[in-house]
Amino acid sequence: MSLKKDGYLPRLVDRKIERYLRIFGAILVEGPKWCGKTWTALAHSNTVRYIMNPSAGINYKETAKADPSLLLEGEEPILIDEWQEVPGIWDAVRFEVDQGHKRGRFFLTGSTKPLVDAVSHSGAGRIAHVTMRPMSLYEAGVSTGKVSLSDIITGRDIKPSVNEISLMEMIELTCRGGWPANLYTAKEDAAEIPAQYIETIARTDMSQIDDVRRDPERTKKLLRSFARNNATTVSNATLRSDLLDNGESFAQNTISSYISALSRLFIIEEIPGWQPGIRSRARVRTSPKRMFTDPSLAAAALRVGPENLKYDLNTFGFLFENLCMRDLLIYADVLDGTVHHYRDSNKYEADAIIETKGGNWSAFEIKLGEHRVDEGASSLLALKKRVEAEGGKPPVSLCVITGGGLAYRRDDGVYSVPINALLP
């Protein structure tokens, strides 16, 4: 009998989970706290073990330390929540899966990436990895879903549609974020959840993750610096320089330690640079683009809300790009695509490149206002021309993502699609 919670809203990642249950013996669902991992895994499970539940009749954490295999008894699929608290569970699951050919036996959920040496075997071929993020606009019921990303990356025509949303509504959605717990929160209170998220990360999680003491105030200052450089290829050296300019001294290795912890907690995400497979004198920038896993965390780190951002559209532009990239990552993952960014020394660029398994690619620029669609289209067409001139594989499609308005395909072939019109 499924343990699905009353009121569970289906998530796009459910599609991948249902497929993986037919292929693999176990599934690891990873992602930031509060994004809905446990509820999603419960919707597909028949038994659950909450490792961190202090009120359980059995102390599962101590049991797991003594003999992890004891937690693998029950009606399958069995969910082990926050498994990384007892890394030995990983090898126990892998071993159990190895004993037969049955599929879809176990779920592991975790809000922290374990250290590489915490498990003795990768679980390759046995344990499938699924990444969950906060809810996209489509999952939250905001996107009209009138335009399919699948149609865009395969070059199909789309039906023109109007997808109205005010600038203030988009700002409020960005500050609210994709946290399921925020869906029914009054808009005047919605910023409190990401604000408390930042506090919890700074005061507790950053030190608990590896028992290394990290100062909460320094963590918040680093997050603020990161937010000032959100959705860019900012380096650790640049972050340190920014902190020095604001009166905070960080050693370079300290910055690296803090950034590593934030990455393991799924607070920050790195979008890798894209290699177009051409020979050119222009140097491709391979540094990853760094952003928050949800734009609301950037707003919370900066301590700004809708009333501040409506007068600072330059800052909001970076937060809006973060929102769009979050949704593109979610939608592309459903379609088995990968997301990159591109920039070279000749300043050809694209905010996002979505590449499919067959090696086809589509390029995207993100522009908040419809009045900047021409600018985005011009940049994308220049990149297409450059790749073709160098003998590279041409893009399947080009698309400018906007903050609302008309979805259509321009005469030059470039799509213009509001983020609040997209679905996978």
Side-chain angles (χ1 to χ4, degrees), residues 12 15-16 19 129 131 136 147-159 231-233 269-291 321-322 324-367 372-402 407-419 421-424:
L12 292 170
R15 305 181 193 180
K16 178 169 280 191
R19 181 156 58 93
H129 290 246
T131 299
S136 64
V147 180
S148 166
L149 181 63
S150 176
D151 286 343
I152 293 173
I153 64 175
T154 52
R156 293 192 286 265
D157 288 333
I158 63 172
K159 184 178 180 180
T232 70
T233 56
E269 187 152 10
E270 295 189 342
I271 309 300
W274 180 66
Q275 297 282 359
I278 60 176
R279 293 183 178 181
S280 173
R281 293 182 180 179
R283 187 162 57 90
V284 175
R285 311 293 191 188
T286 57
S287 298
K289 180 186 289 188
R290 288 168 155 178
M291 66 179 201
E321 181 176 340
N322 195 158
C324 292
M325 291 298 293
R326 178 201 68 193
D327 283 12
L328 287 177
L329 284 162
I330 293 170
Y331 301 156
D333 190 46
V334 173
L335 301 172
D336 286 330
T338 55
V339 180
H340 309 259
H341 76 95
Y342 181 80
R343 184 178 176 86
D344 64 27
S345 57
N346 287 339
K347 297 186 178 179
Y348 291 100
E349 63 180 344
D351 289 326
I353 301 285
I354 296 182
E355 193 168 30
T356 62
K357 281 186 175 180
N360 291 329
W361 62 281
S362 298
F364 297 77
E365 276 285 283
I366 297 169
K367 302 296 180 185
R372 298 187 63 193
V373 171
D374 285 346
E375 175 190 341
S378 177
S379 177
L380 292 171
L381 289 166
L383 173 61
K384 176 178 182 288
K385 184 177 180 180
R386 182 245 170 172
V387 171
E388 290 176 334
E390 297 285 351
K393 188 173 186 177
V396 173
S397 59
L398 307 171
C399 179
V400 180
I401 301 292
T402 68
Y408 68 109
R409 195 170 193 175
R410 295 159 43 107
D411 291 341
D412 57 14
V414 179
Y415 297 94
S416 176
V417 179
I419 190 63
L422 270 183
L423 54 58

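The chain is numbered in sequence order, starting from 1.
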- line: Separation between OH (Tyr331) and OG (Ser136), nearest 0.5 Å, reads 3.5 Å
message: Parallel, tilted or perpendicular, judged at 30° and 60°: which one describes the rings of Trp361 and Trp274?
response: tilted
query: Between Lys384 and Asp412, is there a side-chain N and carboxylate O pair less than 4.0 Å apart?
result: no
query: Does the Asp344 side chain pair with the main chain of Asn346, one donor and one acceptor, at a distance under 3.5 Å?
result: yes
message: Please identify which of these residues, Thr232, Ile401, Ile366, meets the side chain to side chain contact (heavy atoms under 4.5 Å, CB included) condition with Glu321.
response: Ile366
Separation of Asp374 CG from Arg410 CZ (nearest 0.5 Å): 4.5 Å
task: Quick one: do Asp327 and Leu422 satisfy side chain to side chain contact (heavy atoms under 4.5 Å, CB included)? Show the steps, please.
output: CA-CA 9 Å; Asp327 283 12; Leu422 270 183; over 6 Å; no
query: Where is the tightest heavy-atom contact between Gly155 and Val396, given as atom of each residue plus distance?
result: N-CG1, 3.7 Å
message: Distance check, rounded to the nearest 0.5 Å: Thr402 atom OG1 versus Glu365 atom CD?
response: 13.0 Å
field: Any donor-acceptor N/O pair, Ser148 side chain to Pro424 backbone, under 3.5 Å
entry: yes
field: Heavy-atom closest pair, residues Ala377 and Val400
entry: N-CG2, 3.6 Å
field: Close side-chain approach of Val414 and Val373, heavy atoms under 4.5 Å
entry: no
- prompt: Are any side-chain N or O atoms of His341 and backbone N or O atoms of Ser287, one a donor and one an acceptor, separated by less than 3.5 Å?
  reply: yes
field: For the student: nearest non-hydrogen atoms of Arg409 and Arg156, plus distance
entry: NH1-O, 3.8 Å
task: Could you walk me through whether Asn360 and Lys393 pass the side chain to side chain contact (heavy atoms under 4.5 Å, CB included) test, one step at a time?
output: CA-CA 8 Å; Asn360 291 329; Lys393 188 173 186 177; 3.0 Å; yes
- line: Sequence neighbours excluded, the answer for side-chain hydrogen bond (donor to acceptor under 3.5 Å, both in side chains) partners of Glu269 is Arg133
Heavy-atom check, side chain of Lys289 versus side chain of Asp351, under 4.5 Å: yes
- prompt: Taking all non-hydrogen atoms of both residues, which atom of Tyr342 and which atom of Pro276 are closest, and how far apart?
  reply: CE1-CD, 3.7 Å
- prompt: Would Asp333 and Lys16 count as a side chain to side chain contact (heavy atoms under 4.5 Å, CB included) if you check the C-alpha gap in whole Å, the side-chain angles of each, and the deciding distance to 0.1 Å?
  reply: CA-CA 9 Å; Asp333 190 46; Lys16 178 169 280 191; 2.8 Å; yes
task: Rounded to the nearest 0.5 Å, what's the gap from CG on Asp157 to CD1 on Ile152? Could you check?
output: 11.5 Å
task: Hey, could you give me the CG/NZ distance between Leu335 and Lys357, rounded to the nearest 0.5 Å?
output: 11.5 Å
statement: All heavy atoms of Ile271 vs all of Val339, minimum pair found to be CG2-O, 3.7 Å
- request: Work out which heavy atom in Tyr415 is nearest to a heavy atom in Ser397; give both atom names and the distance.
  value: CE1-CB, 3.6 Å
- line: Output for pair (Ile158 CD1, Leu149 CG), nearest 0.5 Å, gives 11.0 Å
query: Any side-chain heavy atom of Leu12 within less than 4.5 Å of one from Leu423?
result: no
